[in-house]
Amino acid sequence: MKWILALLVAGWLGGTSGAWAETSLDPAPDRFVAGTSYTLGFWVLQHGTHPYEGELSPVGLRFTRPDGESLTFPGTPLPEAGHYAASVVLPAGDWKIEGLQGMFMPYQAGTVSVPGGLKAEPVRKESIDGFVAQGVDYWGAVRPPGFPDLPAEPAPVARATAASAPPAPPSDPLPPSAPPPPAPSSRVAGAAGVPAWTLPLAAAGGAALAAGAWWLVRRRSADDEEPPPRDPSAETIVISG
């Protein structure tokens with residue numbers, strides 16, 4: 001029983017202070033005439049700052065005269081979150097307007113005189129400040145009265161990559177200089193087409209040929225020399241006994 005009482009007290013506080021839900025009216029016709037149909041747009045916002053998440057029923061507008069007569073007109077959901085519309089036809093008289101907010105307590109949204117005009121209750125500044133503090137915008141061009149457009153979040157800064165980075169400015173041209181030396185080659189200048197490693201072999205072969213020629217010349221010279229004549233007197237005869 002205590003929790004039921006607490007819930008009722010909380011709902012009553014919500015209906016009077018906006019702590020639970022609030023109903024705000026869209027701009028209405030300038031003049032109301034008895035027996036004429038009018039369409040009234042209105043918003044139901046939880047805590048007065050954001051749409052209720054889920055199905056909220058029943059939702060509508062209730063008109064009450066000082067003599068106790070009461071008329072209720074159901075609300076039809078519109079495309080915008082928390083936005084509704086109700087078609088109303090009123091007899092002559094002064095009427096108090098209340099928003100029916102489903103499970104939340106009714107919220108006084110304004111008054112209307114028939115014939116005469118409608119006076120809507122202004123949106124509480126605390127509700128607008130709470131909406132801005134939340135930083136979440138639920139609507140586009142069609143939005144609750146008094147709620148500003150929140151600034152768009154800044155676009156993320158793209159990181160520079162090798163593909164997207166701008167080309168580096170051209171550097172100053174280098175001063176003219178001597179042409180670079182030719183690449184080392186395995187061929188010797190002056191011996192076009194002859195590899196350098198063949199020169200030592202050719203030199204060794206030439207030396208071998210020269211040595212062989214010198215040896216043949218010496219050999220031929222030795223063969224051409226005649227032996228000296230023999231001297232018989234110089235020979236010694238040995239007689240063995």
Side-chain angles (χ1 to χ4, degrees), residues 1-29 32 37-65 70-90 95-112 117-158:
M1 189 64 183
K2 290 183 178 180
W3 67 269
I4 296 178
L5 180 60
L7 183 60
L8 292 175
V9 172
W12 179 81
L13 290 175
T16 57
S17 65
W20 284 84
E22 297 178 9
T23 295
S24 58
L25 299 174
D26 282 333
F32 284 77
S37 175
Y38 300 92
T39 300
L40 297 181
F42 61 99
W43 301 79
V44 178
L45 301 181
Q46 187 175 5
H47 304 299
T49 60
H50 59 277
Y52 174 74
E53 295 182 1
E55 183 178 354
L56 194 61
S57 180
V59 173
L61 295 177
R62 183 168 64 193
F63 295 78
T64 305
R65 285 195 306 194
S70 179
L71 298 173
T72 299
F73 303 94
T76 300
L78 296 178
E80 299 77 30
H83 199 193
Y84 301 86
S87 296
V88 304
V89 178
L90 298 173
W95 302 85
K96 178 181 69 174
I97 307 173
E98 292 177 299
L100 302 181
Q101 310 178 125
M103 64 179 180
F104 303 117
M105 292 293 292
Y107 188 87
Q108 183 167 343
T111 58
V112 60
L118 184 148
K119 180 181 180 181
E121 292 289 337
V123 179
R124 298 187 317 121
K125 182 179 181 301
E126 293 81 2
S127 298
I128 297 177
D129 291 344
F131 163 74
V132 174
Q134 288 178 3
V136 179
D137 201 337
Y138 305 92
W139 308 285
V142 180
R143 58 182 49 246
F147 279 56
D149 291 332
L150 296 183
E153 296 183 1
V157 178

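Taking the six-membered ring for Trp and thresholds of 30 and 60 degrees, His83 and Trp43 have nearly parallel ring planes, at less than 30 degrees apart. Ring planes of Tyr138 and Phe131: tilted class, angle from 30 to 60°.
Lys96 NZ to Phe63 CZ: the interatomic distance, rounded to the nearest 0.5 Å, is 12.5 Å. With rounding to the nearest 0.5 angstrom, the CD atom of Glu22 is 4.5 Å from the CZ atom of Arg124. Atom CZ of Phe73 and atom CG of Leu100 lie 11.5 Å apart (nearest 0.5 Å). We find the CG-OG1 distance between Leu61 and Thr72 to be 9.0 Å, quoted to the nearest 0.5 Å. One distance of note links OG1 of Thr64 with CG of Leu71; it measures 8.0 Å at 0.5 Å rounding. Taking OH from Tyr107 and OG from Ser24, the interatomic distance works out to 8.5 Å, rounded to the nearest 0.5 Å.
With contacts defined as side-chain heavy-atom distances shorter than 4.5 Å, the pair Leu150/Val132 qualifies. Taking the side chain as every heavy atom from C-beta outward, Leu56 and Phe104 approach each other to under 4.5 Å. For the pair Val142/Leu78, no side-chain contact is recorded, criterion being any heavy-atom separation below 4.5 Å from C-beta on. Side-chain contact check for Val88 versus Val112: every heavy-atom pair is 4.5 Å or farther apart. Residues Glu121 and Ile97 are not in side-chain contact: their nearest non-hydrogen atoms beyond the backbone lie 4.5 Å or more apart. When side chains are defined from C-beta on, Pro144 counts as touching Leu45, because their heavy atoms get closer than 4.5 Å. Residues Val59 and Phe42 meet the side-chain proximity criterion, which asks for heavy atoms closer than 4.5 Å.
Closest heavy-atom contact between Ala86 and Pro74: CB-O, 3.5 Å. Ala85 and Thr39 get closest at one heavy-atom pair: CB-CG2, 4.2 Å. Looking at every heavy atom in both residues, Pro145 comes nearest to Val123 through O-CG2, 3.3 Å. Between Thr49 and Ser127 the shortest heavy-atom distance is CG2-O, 3.3 Å. Nearest heavy-atom pair, Pro29 versus Leu40, reported as atom, atom and distance to 0.1 Å: CD-CD2, 4.0 Å.
Scored by the side-chain hydrogen bond (donor to acceptor under 3.5 Å, both in side chains) test, Arg62 finds Glu98 as partners (sequence neighbours excluded).
Remark: the backbone N or O of Met105 is paired with a side-chain donor or acceptor of Gln101 at under 3.5 angstrom.
For residues 127-136, every residue pair satisfying the salt bridge (Lys or Arg N to Asp or Glu O under 4.0 Å) rule, not counting sequence neighbours, is listed here: Lys125-Asp129.
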Walk me through it: do Tyr84 and Val44 pass the test side chain to side chain contact (heavy atoms under 4.5 Å, CB included)? CA-CA 8 Å; Tyr84 301 86; Val44 178; 4.1 Å; yes
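If you check the side chains of Asp149 and Trp139, you find no donor sitting under 3.5 Å from an acceptor.
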